[in-house]
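In what follows, every chain begins at residue 1, and chains take the letters A, B, ... in the order their sequences are listed. All values below were derived from every heavy atom in this structure, side-chain atoms included, with hydrogens, water molecules and symmetry-related copies excluded.
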Protein chains: 2
Amino acid sequence: MLQLDYRDRRPLYEQIKEKMKELIINGILKQDERIPSVRELAQLLTINPNTIQKAYKDLEVEGFIYSIRGRGSFVAPLNDVINQTRLNELTKDLEKLIAEMMYVGLTKEQIISSVDRIYKERQDKMEDD
Amino acid sequence: MLQLDYRDRRPLYEQIKEKMKELIINGILKQDERIPSVRELAQLLTINPNTIQKAYKDLEVEGFIYSIRGRGSFVAPLNDVINQTRLNELTKDLEKLIAEMMYVGLTKEQIISSVDRIYKERQDKMEDD
DNA sequence: CTTGATGTATTATTTAAACTAATACACTTA
DNA sequence: TAAGTGTATTAGTTTAAATAATACATCAAG
């Protein structure tokens, strides 16, 4: 379900965050589905529970999961995810990315066709579920 | 010209890289223009020269600047910037970003109109120079 | 040819962040 | 009640970032 890469120079909790986001975004984990507990995942990955805790806390702040003491952690419903702060961050990231793409000489048409292709590929993938 | 943020949790050399990229991408620094020397910038920012050196080395690898021993560091000509490796990285970043934007419910049209807006804004800005 | 500036490299040290470890507590469910 | 959950705290270790002090090769100017 989750594989860590120790050659990766990024912190473990970042890797966990990214992998978990992917699982949620790609629909592998469904809304309100329970995800492994802090201790379970720590044991599975043979790392410290505190590291999982940090990853989960970040994911909760970003709106991807919610946690209930005594019960566990769960995939957040979409409504919770769509918060303006996150949207602003994503837009800012998009601006940076496009700025660099323009700089290396990509035309608007090239960029948009990339967006189009990516969008289509993702839609196809989601329809398979 | 360059302002560091010590509340930022990212490493200083990352901040320097990002700021320098912005200056180049936004056309503030022109092709073949000389940028501050390692020692100059270190003194200006009151940080260690080795930190600047690391930032500059990274920027050179990514194709944004080139350095000549004994002379200084300069903004790279565009042709050098367009390398396939960098393009692949940018495309991968774009894929991740769009995936998350789709997840939070943005339609293809919304994303493309964002791209369109960003592109136009940047073109206007560049024409002012 | 000397001088001062440049990029580059190396080694050692300090500082900060990431990670581990061991507990503790409040809450939920069976 | 017992076992599992999230959460918090404190301490220690490990790793990365940043500093510090040099050294060397190159280039331009005097």
Side-chain angles (χ1 to χ4, degrees), chain A residues 1-21 24 29 32-77 80, chain B residues 1-21 24 29 32-77 80:
Chain A
M1 174 186 190
L2 257 164
Q3 187 58 35
L4 292 179
D5 179 6
Y6 282 94
R7 291 165 307 179
D8 197 327
R9 54 277 169 202
R10 290 176 310 163
L12 297 178
Y13 75 90
E14 287 282 5
Q15 291 187 48
I16 294 165
K17 278 176 62 182
E18 182 179 341
K19 294 275 171 59
M20 200 59 77
K21 272 193 197 178
I24 294 174
L29 296 174
D32 292 318
E33 180 176 341
R34 188 164 176 282
I35 63 178
S37 78
V38 169
R39 291 173 179 83
E40 272 174 6
L41 192 52
Q43 192 167 19
L44 183 65
L45 301 177
T46 57
I47 62 176
N48 195 277
N50 295 3
T51 304
I52 310 290
Q53 190 182 337
K54 171 153 182 56
Y56 277 17
K57 193 169 186 178
D58 281 15
L59 286 170
E60 188 167 16
V61 169
E62 292 184 32
F64 284 92
I65 68 173
Y66 61 96
S67 299
I68 303 176
R69 172 178 298 208
R71 294 195 54 208
S73 300
F74 308 84
V75 177
D80 293 2
Chain B
M1 175 183 189
L2 257 162
Q3 188 57 35
L4 293 177
D5 179 6
Y6 283 94
R7 292 165 306 178
D8 197 327
R9 56 275 170 202
R10 290 176 311 162
L12 298 179
Y13 75 89
E14 287 282 5
Q15 291 187 48
I16 294 165
K17 278 176 63 180
E18 182 180 344
K19 295 275 171 59
M20 201 59 76
K21 271 193 199 178
I24 294 174
L29 296 174
D32 292 318
E33 181 176 342
R34 189 165 175 280
I35 63 177
S37 78
V38 169
R39 291 174 179 83
E40 272 174 5
L41 193 51
Q43 193 167 20
L44 183 66
L45 301 177
T46 59
I47 63 175
N48 195 277
N50 295 3
T51 305
I52 310 290
Q53 190 180 337
K54 170 152 182 58
Y56 278 16
K57 194 169 186 179
D58 281 15
L59 286 170
E60 189 167 16
V61 169
E62 291 183 33
F64 284 92
I65 68 174
Y66 62 94
S67 299
I68 304 177
R69 172 177 298 208
R71 293 195 54 207
S73 299
F74 308 84
V75 177
D80 293 3

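- Between B/V38 and B/Y56 there is a side-chain heavy-atom pair separated by less than 4.5 Å.
- To the nearest 0.5 Å, the span separating CD on B/Q53 from CD on B/E60 amounts to 11.0 Å.
- Rounded to an integer number of Å, the gap from B/Y66 OH to C/dT6 C1' is 14 Å.
- Other residues, nucleotides and ligands place no more than 12 heavy atoms under 6.0 Å from the NZ atom of A/K57.
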*Nucleotide by nucleotide, 5' to 3', does protein get under 4.0 Å of the base (B), only the sugar-phosphate (S), or neither (-) in nucleotides 24-30 of chain D, counting heavy atoms?*
-BBBS--
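- Scanning all heavy atoms of the two residues, the minimum distance from A/S67 to A/S73 falls at OG-OG, 2.9 Å.
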*asked:* Is there a side chain to side chain contact (heavy atoms under 4.5 Å, CB included) between A/I52 and A/L45? Walk through the geometry before answering.
replied: CA-CA 10 Å; A/I52 310 290; A/L45 301 177; 4.3 Å; yes
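- An OP1 or OP2 oxygen of D/dA8 is reached within less than 4.0 angstrom by a side-chain nitrogen or oxygen of A/K57.
- Shown here are the side chain to side chain donor-acceptor pair (under 3.5 Å) partners of A/D58, two or more places apart in sequence or in another chain: A/K17.
- Residue A/Y6 contributes atom OH, which lies 17 Å from atom C1' of D/dA16 at whole-angstrom precision.
- Side chain of A/K54 to main chain of A/Y13: no donor-acceptor pair is present (N/O by atom type, distance under 3.5 Å, no hydrogens or angles).
- Straight-line distance from the CD atom of B/Q53 to the C1' atom of D/dT22: 13 Å, rounded to whole Å.
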*Should A/M20 and A/L2 be marked as a side chain to side chain contact (heavy atoms under 4.5 Å, CB included) after you check the CA-CA gap, both sets of side-chain angles, and the distance that decides it?*
CA-CA 8 Å; A/M20 200 59 77; A/L2 257 164; 3.7 Å; yes
Within the sub-3.5 Å range, which N or O atoms of nucleotides 13-18 of chain C have a protein N or O partner, and how far apart are they?
{"residue": "C/dA18", "atom": "OP1", "partner": "A/Y13", "partner atom": "OH", "Å": "3.3"}

*Yes or no on side chain to side chain contact (heavy atoms under 4.5 Å, CB included) for B/L12 and B/Y6, after CA distance, side-chain angles and deciding distance?*
CA-CA 8 Å; B/L12 298 179; B/Y6 283 94; 3.9 Å; yes
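- Between B/I52 atom CD1 and D/dA20 atom P there is a gap of 13 Å when expressed in whole angstrom units.
- When atom types are taken as modelled, the side chain of A/Q15 and the backbone of A/D5 share a donor-acceptor pair closer than 3.5 angstrom.
- Note: CD1 (A/I35) to P (D/dT5) measures 12 Å, nearest angstrom.
- Atom NZ in B/K21 sits 4.0 Å away from atom CD in B/E62 (nearest 0.5 Å).
- Between the axis at the start and the axis at the end of the helix from C/dC1-D/dG30 to C/dA30-D/dT1 there is an angle of 30°, using five pairs per end and rounding to 10 degrees.
- The stretch residues 40-50 of chain A touches DNA chain D through A/E40, A/N50, each having a heavy atom within less than 4.0 Å of the strand.
- Screening residues 32-48 of chain B for side chain to side chain donor-acceptor pair (under 3.5 Å), with sequence neighbours left out, gives B/D32-B/Y66.
- Residue B/S37 has a polar side-chain atom (N or O) positioned under 4.0 Å from OP1 or OP2 of C/dT6.
- Contact annotation: B/T51 reaches the phosphate of D/dT19 (side-chain N/O to OP1 or OP2, under 4.0 Å).
- Straight-line distance from the CG atom of B/D58 to the P atom of D/dA17: 10 Å, rounded to whole Å.
- Following rounding to the nearest Å, B/I16 (CD1) and D/dT19 (C1') show an atom-to-atom distance of 13 Å.
- B/S73 has a side-chain polar atom (N or O) that falls below the 4.0 Å cut-off from OP1 or OP2 of C/dG7.
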*Output, in order, the C-alpha distance, side-chain angles, deciding distance and verdict of side chain to side chain contact (heavy atoms under 4.5 Å, CB included) for B/F74 and B/I68.*
CA-CA 8 Å; B/F74 308 84; B/I68 304 177; 4.3 Å; yes
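- Contact check for A/I47 versus A/I16: side-chain heavy atoms found under the 4.5 Å cut-off.
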